[in-house]
Amino acid sequence: MPDVLTAADARQWALLTRAALAARRTEIDGLNVFPVPDGDTGTNLYLTLDGAIDEVVAARSAADAHGPADLVEECRTLRRAVLLSARGNSGVILSQVLGGLCDVVVEQGATQVDVALLTACLERGAAKARASVAHPQEGTILTVADAAAAGARAACDAGGSMAEVSAAAVEAATAALARTPEQLPALARAGVVDAGGAGCVLLLEALHRVVTGAWTSAEEGLLAAGAGTDPARWHSPQPRAADAADEEPDAAGPAFEVMYLLLDSDAERVQRLTRDLDALGDSLIVVGGPDLWNVHVHVDDAGAAVEAALVAGRPERIRITHLPSQVAARGAVVPLGVVAGAAGPGVVALLQEAGAVALEFGPGRRASASQLLEAARRTGASAVVVLPADPDGLMAAEVAAEAGAADGLEVHVVPARTTVQAIAAMAVLDPERPVHANVVAMTQAAVATRHGAVSVATKEALTWAGVCRPGDVLGIVDGDVAFLGTDLAASARDVLDRLLSAGGELVTLVRGADADPLLVERLAGDLGRERPELEVVVLDGGQPVYPLLIGVE
C-alpha cells in the first residue's frame with residue numbers, strides 16, 4: 001500500500017471527524033470557559049464542519065460528478081465552504097486550520113498527499129489559524145495545533161511513515177491539551193482543558209484512524225454512539241481556587257458577540273475594519289479574501305461593529321448574541337421537553353409515562369425533520385432534547401435543531417441511536433438540573449450504553465458475518481451483524497455475553513411484538529442465577545422485526 005492519502009481518504013477523515021464531534025459535542029460544550037463560558041464550542045465546531053461537508057457533497061452532486069473524487073477541487077470547495085459555515089470563535093479558527101490544509105493541496109495541485117505534504121498541511125493549518133487571531137492566546141486551540149504540527153515535523157524529518165507522523169501529531173497535541181490549564185487561569189479554576197483544543201485533538205485522532213486503517217464501515221456510527229475518545233482525560237482531577245492575581249476574562253468581557261460575512265470589499269478596507277474592530281472589543285478574528293471575509297468580534301457596542309462593516313463593504317448573515325444571557329442560560333433551571341423515537345407501542349407508552357413526546361417508527365417509517373420539530377413544539381417547552389433512538393434519525397434531528405434555533409426554540413440532540421440508549425438517557429433526566437447539565441448527563445448515559453439485538457432474516461442478504469438466508473438468526477452487536485445463528489435463544493445469549501464482555505451493571509431487555517415471552521423470562525432468569533451482581537430490567541416494547549433488544553450499562 002502506498003504511504004499516501006487519497007481524495008477518498010480525505011473525505012473519510014472529514015466524515016469521521018464530524019462523527020467524533022457529534023459524539024462529543026455536549027462534552028466539549030461543557031469544557032467551554034474561555035474566552036466566554038457560553039457553552040457552545042462543541043456545537044460550533046460540529047456545525048461548522050457539518051455545514052462545510054454538506055456544501056462539498058452538494059457541489060459534487062450539482063456537477064453530476066462520476067468516478068473518483070478530485071482532491072484539489074474538493075479542497076478548493078471545502079476551503080470556501082468552511083469559511084461560510086464557520087460559527088463562533090472556535091468555528092472560525094477551525095475554518096482556518098482546515099483552510100490551511102486545503103491551501104497546500106490546491107497550491108501543489110496534489111492528487112494525493114504523501115508524508116511530506118501532510119506535514120506541510122498541518123504546519124500551514126496551524127500557522128494560518130494563529131495568524132487569523134488579532135491577539136493570540138496560549139492555552140487554546142492555537143497552542144494545540146502548533147504542537148501537532150511540530151510533532152509531525154519531527155517525525156517526518158526522522159523519516160517516519162504516514163502512520164508514525166499522524167501518531168506523533170496526536171501525541172503532541174494531546175500533551176499540549178493537557179497543559180492548557182497551566183497557561184489559562186480560567187481553565188485551571190474550572191478543572192478543564194481548552195474546549196477548542198479538545199476538538200482539535202479529535203480532528204487529529206480521526207486522521208490517524210484513517211491513516212492506519214483502523215476505520216471500518218461501522219466506525220462512524222460507533223463514534224457517534226460514543227466509542228473512541230475518553231472524555232475523562234479532558235478534566236483535571238482537582239480544580240484550583242482562583243488567585244487574586246488571576247485574570248477574569250469571563251467576568252468582565254464585552255456584552256455581545258458579533259459575526260458576519262463581508263462581501264464587496266478589498267484588502268485595504270478590511271485592514272481598516274480590523275483596526276476599528278480591535279479598538280471596539282476583543283476576541284477579534286477576520287479571515288478570508290479576496291472576495292469573502294468572515295468577521296468575529298466581542299464588543300459592548302454591537303451597532304458600532306455592524307456600522308464599521310457597512311463602511312468596509314456589504315455585510316451578510318449578521319448574528320448578534322448577548323453573551324451574559326447565553327452564559328446565564330447555561331445555569332438556568334427551566335422546564336425541559338423531550339422528544340424521543342420509539343420502536344414499538346410499548347416503548348411509546350413507556351416514554352410518554354416518563355414525560356416525553358414519543359414518535360413511533362419502524363422499517364421504512366421514520367420521523368422527518370419537520371415531524372421532529374413539530375413534536376418539539378408540542379412539548380410546550382422553550383428547551384427541548386431530541387432522542388432519535390435510530391441511527392437514520394440523527395441527521396433529521398440535527399436539521400430540526402437548526403430549524404428550531406431559527407424560530408427561537410432551543411433544541412439539543414442527544415446521540416441516542418437505539419431504543420435502549422434513549423431509555424438510558426431518559427432515566428437520568430432531572431428536572432431540577434439546568435438544561436446544559438441534563439444534556440451532558442443524558443448524552444453520557446446514552447453513549448455509555450452498549451446495545452445489541454436479535455432478528456430473523458426474511459430474505460437472502462450480505463452481512464458483515466456473511467451471507468444470510470431466510471430463517472437465519474442475526475446476532476447484532478453495537479449496530480452490526482456480528483454472527484449468524486440458528487437458534488433465537490442461543491443467539492440472544494451470545495449477543496448478551498459479547499456486550500457484557502466489557503463489563504456492566506444494568507441489563508435492559510426489551511421484548512418485541514413477536515417474541516416468545518419465555519425467551520426473555522429464561523434469559524433474565526439465567527442472568528439472575530449466573531450474574532447476581534447485575535440488575536436486570538425487562539420491558540415490553542412491542543417492536544417489530546427485533547424479538548429482543550438488549551442494552552448494557
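What you see below is based on every heavy atom in this structure, not just the backbone, and it leaves out hydrogens, waters and symmetry mates.
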Donor on one side chain, acceptor on other, Asn44 and Thr41, under 3.5 Å: no
Leu499 to Gly452 - nearest heavy-atom pair and separation: CD1-N, 3.7 Å
Residue pair Gln108 / Cys121, side-chain heavy-atom distance below 4.5 Å: no
Check: His451 main-chain N/O paired with Asp478 side-chain donor or acceptor under 3.5 Å: yes
Reported CZ-to-OG1 distance for the pair Arg11 and Thr6, which is rounded to 0.5 angstrom: 11.0 Å
Arg209 CZ to Trp13 CH2 distance, which is reported to the nearest 0.5 Å: 14.5 Å
Short side-chain to backbone donor-acceptor contact, Asp29 and Gly42, under 3.5 Å: yes
Flag side-chain contact, heavy atom, 4.5 Å: Ile141 against Ser90: no
Ion pair Arg179/Glu138, N-O distance below 4.0 Å: no
Short side-chain to backbone donor-acceptor contact, Asp9 and Val211, under 3.5 Å: no
Any Val92 side-chain heavy atom under 4.5 Å of Ser95 side chain: yes
4.5 Å side-chain heavy-atom contact, Arg319 and Arg87: yes
Set of residues satisfying ring-ring contact (aromatic ring centres under 6.0 Å, His included) with respect to His412, sequence neighbours excluded: none
Electrostatic pair Arg79:Asp103 at N-O distance under 4.0 angstrom: yes
Any donor-acceptor pair under 3.5 Å from Arg417 side chain to Ala422 backbone: no
Sidechain-backbone polar pair: Glu402 side chain, Val399 backbone, donor-acceptor under 3.5 Å: no
Ser283 side chain near Val297 side chain, heavy-atom distance below 4.5 Å: no
Asp392 backbone acceptor or donor facing Asp390 side chain under 3.5 Å: yes
Polar contact flag, side-chain donor to acceptor under 3.5 angstrom, Gln421-Thr449: no
Thr443 vs Pro415 side-chain heavy atoms within contact, under 4.5 Å: yes
Whether over 12 other heavy atoms sit under 6.0 Å from Glu171 CD: no
Flag, side chain of Ser85 to backbone of Thr48, donor-acceptor distance under 3.5 Å: yes
Salt bridge (Lys or Arg N to Asp or Glu O under 4.0 Å) assessment of Glu27 paired with Arg24: CA-CA 5 Å; Glu27 290 164 14; Arg24 302 303 183 196; 3.4 Å; yes
Lys/Arg-Asp/Glu bridge criterion (N-O < 4.0 Å) met for Arg18, Asp54: yes
Pairwise side-chain contact, Gln96 with Leu83, heavy-atom cut-off 4.5 Å (strictly under): yes
Minimum heavy-atom distance Ala126-Ala145, with the two atoms named: CB-O, 3.5 Å
Sidechain-backbone polar pair: Asp3 side chain, Met162 backbone, donor-acceptor under 3.5 Å: yes
